[in-house]
Amino acid sequence: MVYLSNQIKPRTVLKNIEPYTPGKPIWELQQELNLDKVVKLASNENPFGPSPKGVEAISSQLAELNRYPDADTVEIKQAIATSLDVKQEQVIVTNGADELITLISEAFLEKDDEIIVPSPSFSEYDFGAHIMGATVVPVPFEEGFQFNVQKLVDAITERTKLLYLCSPNNPTGTYLSKADLDQLLQAVPKDVLVVLDGAYSHYATADDYTDGIEYVRENQPILVLQTFSKIYGLAGVRVGFGIAPKSIIQSILKVKEPFNVNSLAQAAAKAAIADEEHVQKSRKGNLAGCEQLYQAFQELNLDFTKTQSNFILVKLGPDAESTYNKLLEKGVIVRYGKGWGLPEYVRVSVGTKEENLFFIESLTSILDN
Ligand SMILES: *Cc1c(COP(=O)(O)O)cnc(C)c1O
């Protein structure tokens, strides 16, 4: 008997899906090149570690692992609602913000609908559109990777369903000002949902930055997405959340799996959101790291974009790919920009002072040769 498994046809829309390229894990590079020391500055993780309160909460939860987690994530919703001054019914908690992007896509996108994405940005928005057979309309950034509200508005058609705004934007570190968001929300038709991805909002320091939550409080058609993976340092347990007017949350709840957020993640997130000390320490360490890297880039005569986040986009020029590979050989993992259409750039996550120094020394020795 010959089995012809290649006659099992996947949905045709899967052809549009590009595999996600994660930052190379530390163990993989260590094994490949037999390196003692590897510094990973590729996934915008918190280099100062997880919230200690979050870790403690996980330990105290371990004996309960025989139980299913709370399907309604009540305690963590309460904690989020209190901390951000919104109503519990305006919150949805998910298995990382990545899951939320998929759920938003499943809840709102019909085949051939359009999503608008300032480009380049986070690739999960495209992924969510593609699995639903929807179309991605990229709107390139202006000079210096600045947002252009008018161009985003001009890109809206009858088919537009979602408009994504990542602010601060991954991978550029640039942000949308409050005045621009005001203008955009005025101009967007009422049947278009604006998704403001604030994965890095805790890092932003600009006076005219907004995390968008005030608009949810006013019941505007906006969904603010946040995560525990970045400043809270909990990327490994996977927990993120969305805040939006109740009717939007209710639609998304319809496509959610009941036990999407595991009990360790729920416990850790609840503790971490109250861990102000860890947030402050992370923010401060990040600002110092940004200054350290800016100064090094200036000394190396490299162009970079000032960031409102915990990563910096730096232009290495035509040799960027080989420099990226040489950094790997020295045990430094950064993210190469080609996938974003930026073949002359790399994105480096801000590490600890020592990690940044290792990166700077490695880069300097590569560029000197
Ligand atoms: C890291 C990141 C997320 C969310 O990550 P999760 O780990 O899935 O919560 C969302 N948006 C952007 C832009 C990110 O960089």
Side-chain angles (χ1 to χ4, degrees), residues 20-23 25 40-47 50-51 54 73 76 80 91-105 115-129 131 136 138 141 145 147 162-176 194-204 209 211-212 222-244 252 256-257 260-262 264-266 268-269 272-273 282 286 305 307-313 334-335 337 339-340 342 347-350:
Y20 181 78
T21 8
K40 185 183 175 200
L41 301 174
S43 300
N44 307 337
E45 295 150 338
N46 187 333
S51 151
T73 62
I76 167 74
I80 293 167
V91 182
I92 180 172
V93 186
T94 55
N95 184 30
D98 283 359
E99 186 199 21
L100 180 55
I101 296 166
T102 305
L103 297 178
I104 293 168
S105 309
I115 71 162
I116 295 176
V117 184
S119 172
S121 194
F122 191 47
S123 62
E124 290 298 291
Y125 315 141
D126 299 20
F127 169 76
I131 54 172
V136 179
F141 281 105
F145 305 107
F147 285 84
L162 302 174
L163 194 164
Y164 281 98
L165 300 165
C166 184
S167 178
N169 183 55
N170 180 4
T172 60
T174 48
Y175 72 106
L176 186 75
V194 172
V195 180
L196 193 143
D197 185 341
Y200 303 98
S201 60
H202 285 92
Y203 289 108
Y209 173 75
D211 61 14
I222 184 170
L223 185 150
V224 172
L225 180 153
Q226 297 211 348
T227 178
F228 284 93
S229 298
K230 306 291 157 58
I231 204 154
Y232 297 108
L234 296 173
V237 290
R238 318 296 306 124
V239 50
F241 61 97
I243 311 166
I252 303 172
K256 178 183 96 65
E257 301 279 345
N260 62 326
V261 185
N262 72 72
L264 303 183
Q266 292 192 34
I273 202 166
S282 305
N286 183 65
T305 309
T307 187
Q308 286 293 312
S309 197
N310 68 342
F311 52 81
I312 302 172
L313 191 64
V334 298
R335 193 67 77 87
W340 296 303
L342 300 171
R347 186 197 69 192
V348 53
S349 305
V350 178

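Numbering of ligands and ligand atoms starts at 1, following listing order. Position 1 is the first residue of the sequence, and the numbers go up from there. Remember, it's a predicted structure, so these values are computed and weren't measured experimentally.
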Pull out every atom of ligand 1 sitting under 4.0 Å from any heavy atom of [X], numbered as shown with elements.
{"X": "Ala199", "answer": "2 (C), 3 (C), 10 (C), 11 (N), 12 (C), 14 (C)"}
{"X": "Ser229", "answer": "6 (P), 7 (O), 9 (O)"}
{"X": "Cys166", "answer": "13 (C)"}

Heavy atom of the protein closest to [atom] (residue, atom name, distance):
{"atom": "atom 8 (O) of ligand 1", "answer": "Arg238 NH2, 2.7 Å"}
{"atom": "atom 15 (O) of ligand 1", "answer": "Tyr200 OH, 2.5 Å"}
{"atom": "atom 1 (C) of ligand 1", "answer": "Lys230 NZ, 1.3 Å"}
{"atom": "atom 12 (C) of ligand 1", "answer": "Asp197 OD2, 3.4 Å"}

Ranking Ser43, Ala97, Ser123 by closest non-hydrogen atom to atom 4 (C) of ligand 1, top hit is Ala97
Considering Thr94, Asn95, Asp98, which one's heavy-atom position lies nearest to atom 5 (O) of ligand 1?
Asp98
Looking at Ile101, Asn170, Asp197, which one forms a side-chain contact (heavy atoms from CB on, under 4.5 Å) with Glu124?
Ile101
Let me see the working for Trp340 and Arg335 under side-chain contact (heavy atoms from CB on, under 4.5 Å), right down to the final yes or no.
CA-CA 10 Å; Trp340 296 303; Arg335 193 67 77 87; 3.5 Å; yes
Give me the ring orientation class for Tyr125 and Tyr164: parallel if the planes are under 30° apart, tilted from 30 to 60°, perpendicular past 60°.
parallel
Do side-chain atoms of Thr307 reach the backbone of Ser309 as a donor and acceptor pair under 3.5 angstrom?
yes
How far apart are the C-alpha atoms of Gln308 and Ser201, what are their side-chain angles, what is the distance that settles it, and do they pass the side-chain contact (heavy atoms from CB on, under 4.5 Å) test?
CA-CA 8 Å; Gln308 286 293 312; Ser201 60; over 6 Å; no
Assess the residue pair Tyr203 and Val350 against the criterion (side-chain contact (heavy atoms from CB on, under 4.5 Å)); give the C-alpha distance rounded to whole Å, side-chain angles, the decisive distance to 0.1 Å, and a yes or no.
CA-CA 11 Å; Tyr203 289 108; Val350 178; over 6 Å; no
Check whether the ring centres of Tyr175 and Tyr200 lie less than 6.0 Å apart, and answer yes or no.
no
